[in-house]
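Structure record follows, encoded as structure tokens.
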Amino acid sequence: MSIYDTLNPEQKEAVLHTEGPLLILAGAGSGKTRVLIHRIAYLMEQGVNPWNILAITFTNKAAGEMRDRVDKLVGFGSESVWVSTFHSTCVRILRRYIDRLGFDNSFSIYDTDDQKSVMKEVCKLLQIDTKIMKERYLLSAISRAKDELKGPLDLQLEASENYYQERVMEAYMEYQSQLRKNNALDFDDLIVKTVELFQNCPDVLEYYQDRFRYIMVDEYQDTNTAQFKLIQLLASKYRNLCVVGDDDQSIYKFRGANIKNILNFEEVFPDAKVIRLEQNYRSTQNILNVANGVIRNNMGRKEKRLWTENEEGKPIVFRQFLNAFEEAEYIVEDIRRHVREGEADYQDYAILYRTNAQSRLFEEKLIFANIPYKLIGGVNFYARKEIKDLLAYLKIIDNGRDDLAVRRVINVPKRGIGATTLNRVQDYATAYGIGLYDALLRADEIPGLGRSSSKIRPFTVLIQTMRSKMEYCSLTELMEAVLEETGYRKELELEDTEESQGRLENIDELLSKVTAYEESAETPTLSGFLEEVALVADIDNLESDSNCVVLMTLHSAKGLEFPYVYMVGMEDGIFPSYMSLDAENPEEEIEEERRLCYVGITRSKKELTITAAQQRMIRGQTMYNNISRFVREIPQECMSHVGKKEKQTERQKQATYIQARNNFRAKPFEPKQFTVKKASSLEYSEGDRVRHIKFGEGTVLEITEGGKDYEVRVDFDSAGVKRMFASFAKLRKI
DNA sequence: GGTTGGAAACTTTTT
DNA sequence: GTTTCCAACC
């Protein structure tokens with residue numbers, strides 16, 4: 001018996017079809033990764049050199065998983081198969097050849113924060129009023145252009161009449177020239193520049209075409225135009241391109257993913273073989289019915305119907321709660337009960353939500369219940385201030401042209417170098433066409449600097465010392481030296497607050513990451529480390545061996561599976577998000593949200609619980625949302641309603657809706673009036689001592705009875721006299 | 001040049 | 001409710 005006998009006929013067909021273009025339409029849980037791995041094994045068995053095989057994924061986690069599974073299945077030789085993400089593949093190519101495009105091979109990679117700083121500078125230069133045109137808007141316009149492989153001039157051709165478009169174009173141009181000056185690339189550039197390289201240098205292209213004779217792309221539905229072009233260029237010589245995807249799981253349109261790449265694959269490659277994988281090995285029949293019932297409402301998809309031989313399973317559970325507080329409480333309690341009864345481990349549970357902001361309540365409740373959890377997303381580890389500061393030092397040591405990094409830390413810790421000094425240096429640098437750091441080296445020659453030049457010297461001396469240290473020190477030692485010599489660690493230690501403590505812990509974690517890198521890399525270099533760090537996503541840090549409940553957004557959950565899944569906050573306005581409801585093309589946007597819902601549902605293997613709250617605080621405002629339209633699309637026979645709102649009548653639903661609508665329309669000063677329930681009497685009276693949650697203790701001066709509520713005047717010991725509504729103030733008699 | 005407090009914006013999703 | 005930004009002050 002061979003390893004291929006465990007595959008079903010369609011999977012087997014996909015594995016054996018090695019030559020020419022191949023499109024695998026793989027439904028959720030249909031074993032697509034399995035197919036890819038077996039395909040790699042089969043290729044090698046057929047005598048294909050492992051280093052001629054390229055497998056591309058989107059996240060490092062997916063790449064790492066595939067790497068492990070290939071190693072297990074194939075063993076010897078598998079290490080030569082190139083398994084990596086789009087971005088790291090491009091970085092590897094660019095590190096070798098980007099000098100052909102006039103960049104230095106030790107370029108920096110800019111993250112979202114860095115991009116914003118550059119754009120700020122650009123707006124200042126071009127006198128763009130950022131109150132009217134936000135940096136974020138400009139950056140996303142530029143990013144969208146890059147996703148489509150469009151340069152500034154292409155934008156100009158498209159809408160030369162439009163003033164705003166014109167300004168975007170100018171900003172785009174200036175932004176690119178700033179990046180070039182700093183010898184830096186942003187995330188999108190990694191792909192764009194690689195395509196550019198291939199188009200300008202046929203010899204380089206041919207080298208990689210010969211290198212990658214067999215190409216496989218995972219999550220193909222998420223590729224954007226630039227990534228498609230990249231793949232197309234690489235594959236055009238041997239045409240052995242195998243793409244795997246599911247149009248129903250395309251959820252990254254906002255990031256430029258072009259769903260046409262998968263829908264039109266057969267037009268671009270007319271001789272493409274198409275194989276559908278529709279048997280699901282993950283979920284119960286019932287969960288699949290739910291998923292099918294929801295996704296059915298989308299138009300313009302490739303029709304497919306998931307089926308399974310798995311058992312029917314329990315009906316999914318829908319519950320509505322009064323507020324988000326109770327929602328979180330119930331779920332945490334539910335998990336705790338299951339685990340205590342020995343039904344499952346914590347790691348079998350995932351709580352999925354639409355936005356990162358929703359995680360907080362669950363975290364609080366989980367901490368309170370003493371349940372270990374892992375939070376994915378939110379503020380990326382590498383986006384934290386202290387981490388970025390230290391990395392900036394390393395970047396300066398590594399790439400002397402990274403002005404942004406210099407600006408970031410020239411005065412961190414404080415060296416008494418302020419904006420005025422920095423501007424003078426910048427002017428000098430611009431005048432002589434040199435980088436900021438090089439100008440700092442010549443501080444003595446810069447006019448108007450005066451005594452400030454003496455403050456600059458310690459900084460440049462520090463960097464120079466570090467550079468020479470790099471010759472004979474390990475990266476860990478270098479990093480330690482930076483921490484000591486700059487006084488960065490000392491400063492935090494002296495601060496000695498809870499916050500600085502946390503920062504120090506983060507720094508320690510960074511140090512251990514440096515050490516780990518040095519131990520694992522073949523030839524560890526500073527550039528190599530910075531690069532690895534620039535390209536990690538949060539999801540990459542999800543270890544499978546820790547027994548934790550997992551909290552993450554629906555987006556992050558793609559590609560994962562859990563026995564028990566909670567999809568929370570299922571309310572119109574949250575999910576689907578109000579952004580999609582208010583969009584110019586709501587139908588299209590809601591279809592994307594629906595696909596996201598489909599992704600969420602199909603993450604669960606055994607049981608799925610869907611919850612909603614009647615009222616919810618958003619940005620300090622109470623909102624009343626309808627139950628999500630997606631919940632209503634679920635076939636009734638698959639679902640059991642429980643909870644006090646089990647039999648919510650049409651009339652009640654209507655009432656909620658009207659309330660919500662009124663809330664939307666209400667003027668800022670009267671929105672909450674209908675939420676007020678006037679107490680029949682108050683537990684305190686005039687002259688009593690009371691406690692307020694924020695203002696502390698005080699004496700009640702006066703209670704006035706209004707139509708809807710009592711108005712109370714209190715003289716607080718520390719905050720003075722305040723006037724407040726009794727129902728909001730929640731005053732307690734002492 | 002640095003610190004502080006209050007206002008304003010903010011949250012859809014990420015390599 | 002939280003973070004970021006900016007102006008006014010030290």
Side-chain angles (χ1 to χ4, degrees), chain A residues 56-63 84-91 109-113 115-116 120 130-131 134-136 139-140 143 146-147 185-192 219 222-224 226-227 250-257 324 352-361 364 376-380 382-383 385 411-423 451-452 455 531-540 552-559 569 573-583 589-590 592-593 595-597 599-600 616-623 694:
Chain A
I56 294 193
T57 63
F58 273 85
T59 65
N60 293 304
K61 181 176 161 60
S84 101
T85 66
F86 268 104
H87 294 270
S88 28
T89 302
C90 288
V91 171
I109 301 168
Y110 278 4
D111 67 13
T112 325
D113 275 359
Q115 286 179 287
K116 224 177 149 188
K120 240 187 188 157
T130 52
K131 293 235 163 60
K134 299 219 173 74
E135 292 97 334
R136 226 189 33 204
L139 282 168
S140 81
S143 175
K146 287 182 178 176
D147 289 340
L185 301 182
D186 65 19
F187 282 128
D188 301 314
D189 280 341
L190 295 177
I191 315 286
V192 174
E219 306 282 11
D222 291 331
T223 50
N224 61 34
Q227 288 159 338
S250 162
I251 54 174
Y252 283 114
K253 205 180 100 206
F254 71 94
R255 204 169 68 185
L352 309 180
Y353 37 79
R354 180 65 180 81
T355 67
N356 279 309
Q358 284 167 264
S359 70
R360 230 196 68 227
L361 270 179
E364 282 172 16
I376 309 290
V379 185
N380 191 323
Y382 293 102
K385 184 185 172 300
N411 203 26
V412 179
K414 305 252 177 309
R415 297 189 178 88
I417 303 170
T420 326
T421 310
L422 202 54
N423 282 339
R451 267 168 315 176
S452 310
K455 292 180 181 161
E531 170 184 314
E532 195 170 285
V533 151
L535 297 175
V536 288
D538 218 36
I539 190 78
D540 301 335
M552 64 183 140
T553 63
L554 287 152
H555 280 89
S556 309
K558 198 182 57 151
I574 305 278
F575 187 33
S577 105
Y578 68 93
M579 294 290 273
S580 64
L581 297 172
D582 287 352
E589 300 274 325
I590 288 170
E592 172 120 341
E593 298 274 310
R595 289 194 290 272
L596 188 57
C597 183
V599 167
R616 180 181 295 275
M617 280 272 257
I618 294 165
R619 298 211 285 274
Q621 271 230 320
T622 309
M623 300 290 282
K694 194 167 159 195

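Every chain is numbered from 1, with letters handed out A, B, ... down the list of sequences.
- Using bins of under 30°, 30° to 60° and over 60° for the plane-to-plane angle, the ring pair Phe86(A)/Phe58(A) lands in the tilted bin.
- For Asp147(A) and Arg255(A), the salt-bridge test fails: no basic side-chain N is under 4.0 Å from an acidic carboxylate O.
- Phe58(A) comes within 4.0 angstrom of sugar-phosphate atoms only, judged by non-hydrogen atoms across all strands, and of no base.
- Between the side chain of Asp186(A) and the backbone N or O of Asp111(A) there is no donor-acceptor pair closer than 3.5 Å.
- Comparing the P positions of dT11(B) and dC6(C) gives an interatomic distance of 16 Å, to the nearest angstrom.
- Close to dG1(B), at under 4.0 Å from its OP1 or OP2, lies a side-chain N or O of Thr420(A).
- With hydrogens and angles disregarded, no donor-acceptor distance shorter than 3.5 Å links the side chain of Asp222(A) to the backbone of Ala257(A).
- Heavy atoms of Thr421(A) sit under 4.0 angstrom from primed sugar atoms or phosphate atoms, though from no base atom.
- If you take CZ of Phe254(A) and P of dT11(B), they are 13 Å apart, rounded to a whole angstrom.
- Note that the first and last nucleotides of DNA chain C, 5' to 3', having any atom under 4.0 angstrom from a heavy atom of chain A are dG1(C) to dC5(C).
- The distance between atom CG of Asn224(A) and atom C1' of dT15(B), rounded to the nearest whole Å, is 10 Å.
- Tyr252(A) comes within contact range of the sugar-phosphate backbone alone, with a heavy-atom separation under 4.0 Å but no base atom that close.
- One can place CZ of Arg255(A) at 13 Å from P of dT13(B), the figure rounded to the nearest angstrom.
- Backbone-only contact: Lys120(A) has heavy atoms under 4.0 Å from sugar-phosphate atoms and none from a base.
- When rounded to the nearest whole Å, the span between NZ of Lys116(A) and P of dA9(B) equals 13 Å.
- Between the NZ atom in Lys253(A) and the CD atom in Glu589(A) there is a gap of 4.5 Å [rounded to 0.5 Å].
- The aromatic rings of His555(A) and Tyr252(A) sit tilted, their planes meeting at an angle between 30° and 60°.
- If you measure from atom CG of Leu190(A) to atom P of dT15(B), you get 14 Å, rounded to the nearest angstrom.
- Here dT15(B) presents its C1' atom at 18 Å from OH of Tyr110(A), a figure rounded to the nearest Å.
- Distances shorter than 4.0 Å separate some side-chain N or O of Thr553(A) from OP1 or OP2 on dT14(B).
- Within 4.0 Å of Glu593(A), counting heavy atoms only, lies at least one base atom of the nucleic acid.
- Comparing Gly416(A) and Ser580(A), the nucleotide of DNA chain B nearest to each residue sits closer to the 5' end for Gly416(A).
- Side-chain atoms of Thr89(A) come within 3.5 Å of backbone N or O of Thr85(A) as a donor-acceptor pair.
- Along DNA chain B, the nucleotide nearest to His555(A) and the one nearest to Lys134(A) differ in position, and the one closer to the 5' end is contacted by Lys134(A).
- A donor-acceptor pair is defined here as one N or O able to donate and one able to accept, closer than 3.5 Å; no such pair exists between the side chain of Gln227(A) and the backbone of Ile191(A).
- Residue contacts for Arg136(A): at a heavy-atom cut-off of 4.0 Å it reaches the sugar-phosphate backbone alone, with no base atom in range.
- Distances were taken from every side-chain heavy atom of Asn411(A) (C-beta onward) to each of dC10(B), dG2(B), dT15(B); the shortest belongs to dG2(B).
- Nucleic acid contact for Asn356(A): sugar-phosphate only, since backbone atoms but no base atoms lie under 4.0 Å from a heavy atom of the residue.
- For dT13(B), the OP1/OP2 oxygens have no side-chain nitrogen or oxygen of Ser556(A) closer than 4.0 Å.
- In the set dT11(B), dT14(B), dT3(B), the nucleotide with an atom closest to the side chain of Lys414(A) is dT3(B).
- Summarising the geometry, the separation between CG on Leu352(A) and P on dT13(B) is reported as 15 Å, rounded to the nearest angstrom.
- One can place CD1 of Ile417(A) at 14 Å from C1' of dG2(B), the figure rounded to the nearest angstrom.
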